[in-house]
Amino acid sequence: MNDRAANGVQAPVVQLQALTKVYRKGAQEVRALDGIDLRIESPGMVAVVGPSGSGKSSLLHMIGAMDRPTSGEVVVAGRYLAALGDAELTGFRRKTVGFVFQSFNLIPNLTALENVMLPMEFNGVDKSERGRRALGLLDRMDLAARATHRPGELSGGEQQRVAIARALANDPPLVLADEPTGNLDSKTGQVIYELLEEIARERTVVVVTHAEPLAQRAKHVIHIQDGHLAP
């Protein structure tokens, strides 16, 4: 599939059809996702909300090629993920998807600058270009002065801003954020959410969140419960 449909209309950045994910716990079958049909256009922010265990994170894992569905179709940025082998999926994630996690997932012995540079190194970007681009991203996060600090020397909000800069390192068309404000106080969480809103003006951002007031500010809100999209 091309990134434009045959009639010249921009294709969705994410398209899911009859998506199902089944986990087995002993003899028990858990249907984390059950026949999901979904289109996500670009750019803009999409919030995914629902109770714990509803399938929010499973949905994000399918879109981000971190897990394979039991059945159904996943197309992201024009790529049919089922057609990609494991090595191809790794390359796809590096170039197409930026990830932001609740627990930041920064490498503790690397500086903020080095953490942001790392995805570009895996993508084969020249070292001088990695440094230039990473410093520019940290400056955008208002963290240029903290570039040589390690995660343990940064506040939670600063660590999450470094994580967002890292997610943007390879200029992906899609950013996936799993409870990005979950470990932050409400004021800091508000700052992070506003930053994600700004980023969503130029690309697609999908945010899983329990914070309904923040979710309502998204371009679209997806409600999920028991593996189904709620009306």
Sequence neighbours excluded, the answer for side-chain hydrogen bond (donor to acceptor under 3.5 Å, both in side chains) partners of E41 is R39
So the salt bridge (Lys or Arg N to Asp or Glu O under 4.0 Å) pairs with at least one residue in residues 172-185 (sequence neighbours excluded) are none
Sequence neighbours excluded, the answer for side-chain hydrogen bond (donor to acceptor under 3.5 Å, both in side chains) partners of T204 is S42
Side-chain touch I63/L176, heavy atoms, less than 4.5 angstrom: yes
Applied to residues 158-174, the salt bridge (Lys or Arg N to Asp or Glu O under 4.0 Å) test, sequence neighbours excluded, yields R146-E158, D171-R203
Here the pair of heavy atoms bringing V48 nearest to K56 is O-CD, 3.8 Å
Grouping ILVMFWY residues whenever side-chain heavy atoms fall under 4.5 Å, the cluster of M120 otherwise contains V125
With sequence neighbours left out, the residues meeting side chain to side chain contact (heavy atoms under 4.5 Å, CB included) with N183 are Q102, S103, F104
Residues pairing under salt bridge (Lys or Arg N to Asp or Glu O under 4.0 Å) where one sits in residues 20-30, two or more places apart or in two chains, turn out to be K21-D67, R24-E29, E29-R31
Residues joined to I107 in its hydrophobic cluster, side chain to side chain under 4.5 Å directly or through other members, sorted by chain and number, are L110, L118, F122
In short, salt bridge (Lys or Arg N to Asp or Glu O under 4.0 Å) pairs touching residues 86-98 with sequence neighbours left out are R68-D86
Across all chains, not counting sequence neighbours, the side-chain hydrogen bond (donor to acceptor under 3.5 Å, both in side chains) partners of R150 are none
Ignoring hydrogens and angles, write down the donor-acceptor pairs under 3.5 Å from the side chains of residues 223-231, residues two or more places apart or on other chains.
from, atom 1, to, atom 2, distance (Å)
H228, ND1, D34, O, 3.4
H228, NE2, D34, OD2, 3.4

With sequence neighbours left out, the residues meeting side-chain hydrogen bond (donor to acceptor under 3.5 Å, both in side chains) with E202 are R140
